[in-house]
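Before we start, here is the structure in question, set down as structure tokens.
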Amino acid sequence: MPTRPTSAWRFLSNQRSFYFHSRYLMTPSPSDQTLLDQEQVRREKLARLRAAGIDPYPPRVQRTHTIAQVLHQYQAGTLDDDATVALTGRLIARRVMGKLSFGHIEDGTGRIQIMVRRDVLGPERYNQFFKKDLDLGDIIGVQGTMTVTKTGEITCLVHDITLLAKALKPLPDKWHGLSDPELRQRQRYLDLLANPQVRERFRVRARIVRALRDYLDSEGFLEVETPILQPIYGGAAAEPFITYHNYLHQRLYLRISFELYLKRLLVGGYDKVYEIGRDFRNEGISRKHNPEFTQLEFYEAYTDYVGVMNRTEEMVAYVVKEVTGGYTITWQGHEIDFTPPWPRIPLRQAILEASGIDYDQYPDAESLRQAMRARGIDAPSDASRGKLIDKLLSHFVEPTLIQPTFLIDYPLDISPLAKRKPGTKDVVERFEGFVAGMELCNAFTELNDPLDQLERFLEQGRALEAGDKEATPVDMDYINALSYGMPPAGGFGMGIDRFAMILADQDNIREVILFPHLRPETRDEPPTSPS
RNA sequence: GGGCCGGUAGCUCAGUUGGCAGAGCAGCGGACUUUUAAUCCGCGGGUCGCAGGUUCGAUUCCUGCCCGGCUCACCA
């Protein structure tokens, strides 16, 4: 509901009134005056039911089949014609035609038609309980036998109905569902309840995560869990969320990546590790960014970024096949083909072709900045050469990379954990994978030279002091770990949310995060008393 | 933060070149024993986001603000 009423009465009749009450007045149940007409009616029905000795929220349920099971068994002929089944679900449609009614109920596995006959249920139960006291949205149990209607729909002929949970608020539009974007996110339960395609979308997301685990487990990777609360953050260029441990009097950061912990495990002797979990970055929210997002990182000893590229193709193609059944998908009208191999283009070449700028001809930040500004591109004065290159990438190249593509060989100063490419001064063995105009993953040959790493950390530390909020602090324990010898390795990180966007054909990250970060509702101040 | 678009019934949306506010669904009452967006008859439901201004009269025009979406900037 987009309205922002300010007068008290209007405010209290608004859907948000319950939040308002619970948050500011600590009154869990709004008074009768705050209810919508339809809520008022449902409360009266509730009272009537209670008066008739019916518990509207009974503690136990009788169920013999899920809806999917009963449909399957009936179709397969493994259900006796006169077998009594007990099904449960939300009443989502009701068509009353005199002494005979149809409806649909829906549980987590599917929906099924129910047929309710006055002569079967009994006139009292039919006229009062089924027709009057039940509402769309109520959770009910039905007991009956299976049959097929004239139109051929498998249907439960209802012998009895049990109320399992009374719904006190009306459902959104049964045909259009719920479309108000703010309501859909703030009350995701309503979105899910009203929009089956949204429910399906999060099943797709779950299948993605499971397929990734299947792949990595079968390849001999060990799944691990590393700290979310970290005394020193690192592993990415990002500003962290800061928190505090009261008993240790310790400042802690919510992790921005898992990288430094996972590579410690390579030192410890695990050759293949991965983690799937949440990262937190204290930055803007956009179509492609949420402050907390789900990341997969894996590290593999005795390989390099070429080996990781091969594995990335294999893993992503495997997941796409598992989730969608094929290697080609449609995303926002584009056909995207994940069949390996994917093009591998040097970053320098990609930028040159897209923007006409060959950054190798501008060996320092200042000259590159001039070249960019000469072409009318916004080039901040405080950006390093690497950051300027990154800007060229995201501005000119990234939006054009719809088909899966690797860009390889990145500037060293924005890749402080990646190994230098032999024969170069400021290029590292790093790649990023792009799909659907988005960066999907980022990987490199891991830097395992402790002294080089220390130098890079010190450089980062200087940038941090100089005001680069995305630079990371020096992690001396990580240097210590490397000093015991870390095997040569390749590492990989991928944004699961973005992968889900692609496979679920969505163009906003909010659509694949159940509860995306939203502005707080504090704008709804309690109304001041009328003067 | 800039630009563009939007906020009308519980939901989905029309509409008013300034003159009593509309539909479908949902709700309420009634009819109906094979419907499936059931159908038919009747009824209730609104501070048209908020506040000012112009006007005989503002939901409509103007200004400011709030909220949301898209987009640019910022930001992996």
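Chain identifiers are assigned alphabetically (A, B, ...) following the order of the sequence lines, protein sequences preceding nucleic acid strands; residue numbering begins at 1 within each chain.
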Review point. So, is K45(A) near the phosphate of G27(B), with a side-chain N or O under 4.0 Å from OP1 or OP2?
Key: no
Practice item. Provide the distance between the two P atoms, one in U16(B) and one in G53(B), to the nearest whole Å. Key: 27 Å
Review point. Would K387(A) and D413(A) pass as an ion pair if we require N to O under 4.0 Å?
Key: no
**Study point:** 5'-most by nearest nucleotide on RNA chain B - M115(A) or L136(A)
**Key:** L136(A)
Exercise for review: Would you mind classifying the nucleic acid contact of K469(A) as base, sugar-phosphate or nothing, using non-hydrogen atoms under 4.0 angstrom?
Suggested key: nothing
Review point. When we call it a touch if two heavy atoms are under 4.0 Å apart, what does R42(A) touch: a base, just sugar-phosphate, or nothing?
Key: nothing
Practice item. Could you tell me whether the phosphate oxygens of G69(B), OP1 or OP2, come under 4.0 Å of any side-chain nitrogen or oxygen in R184(A)? Key: no
Review point. Taking the P atom of each, how far is A26(B) from U39(B), in whole Å?
Key: 8 Å
Check your understanding: Does N508(A) put a side-chain nitrogen or oxygen below 4.0 Å from OP1 or OP2 of C70(B)?
Key -> yes
Check your understanding: Judged by modelled atom types alone, do N290(A) and R510(A) share a side-chain donor-acceptor pair under 3.5 Å?
Key -> no
Review point. Is the shortest side-chain N/O distance from S179(A) to OP1 or OP2 of U12(B) below 4.0 Å?
Key: yes
Practice item. Determine the contact category for R111(A): base if any of its heavy atoms lies under 4.0 Å from a base atom, sugar-phosphate if only primed atoms, P, OP1 or OP2 are that close, otherwise nothing. Key: nothing
Exercise for review: Could you tell me whether R287(A) contacts a base, only the sugar-phosphate backbone, or nothing, with contacts defined as non-hydrogen atoms closer than 4.0 Å?
Suggested key: sugar-phosphate
Revision key, fill the gap. From CZ of R90(A) across to P of A26(B) the rounded distance in Å is 17 Å
Review point. Expressed in whole Å, how much space separates the C1' atoms belonging to A51(B) and G44(B)?
Key: 31 Å
Review point. In terms of side-chain heavy atoms, does Q128(A) have a donor or acceptor partner in D133(A) at a distance below 3.5 Å?
Key: yes
**Study point:** U60(B) to G18(B) separation - C1' atoms, rounded to the nearest Å
**Key:** 6 Å
Review point. Whole-Å distance between G27(B) C1' and K132(A) NZ?
Key: 12 Å
**Study point:** RNA chain B contacts made by residues 102-109 of chain A, counting heavy atoms under 4.0 Å
**Key:** F102(A), H104(A)
**Study point:** Carboxylate-amine/guanidinium contact K421(A) E429(A), below 4.0 Å
**Key:** no
Exercise for review: Would you mind reading off the distance between Q40(A) atom CD and G27(B) atom P, rounded to a whole angstrom?
Suggested key: 16 Å
Point to revise | Minimum-distance pair of heavy atoms, taken over all atoms of I161(A) and Q143(A) | key: N-OE1, 4.0 Å
Review point. Quick one: side-chain hydrogen bond (donor to acceptor under 3.5 Å, both in side chains) pairs with a partner in residues 390-408 of chain A, sequence neighbours left out?
Key: none
Check your understanding: Do the side chain of Q113(A) and the base of U35(B) come within less than 3.5 angstrom through a donor-acceptor pair of N or O atoms?
Key -> yes
What does the list of N/O pairs under 3.5 Å between the protein and nucleotides 38-42 of chain B look like, with a distance for each?
unit_1	atom_1	unit_2	atom_2	d
A38(B)	OP1	K174(A)	NZ	2.0
A38(B)	N6	V96(A)	O	2.9

Point to revise | Interatomic distance at C1', U54(B) relative to A73(B), whole Å | key: 37 Å
Practice item. Classify the nucleic acid contact of K387(A) as base, sugar-phosphate or nothing, counting any heavy atom under 4.0 Å across all strands shown. Key: nothing
Review point. Does R498(A) make a cation-pi contact with F293(A) (under 6.0 Å, within 45 degrees of the axis)?
Key: no
Review point. Roughly how far apart, to the nearest Å, are A14(B) and G6(B) at atom C1'?
Key: 15 Å
Review point. F457(A) vs Y478(A) aromatic rings, parallel, tilted or perpendicular, using cut-offs 30° and 60°?
Key: perpendicular
Practice item. Please evaluate the base of G24(B) for a donor-acceptor partner in the side chain of D173(A) within a cut-off of under 3.5 Å? Key: yes
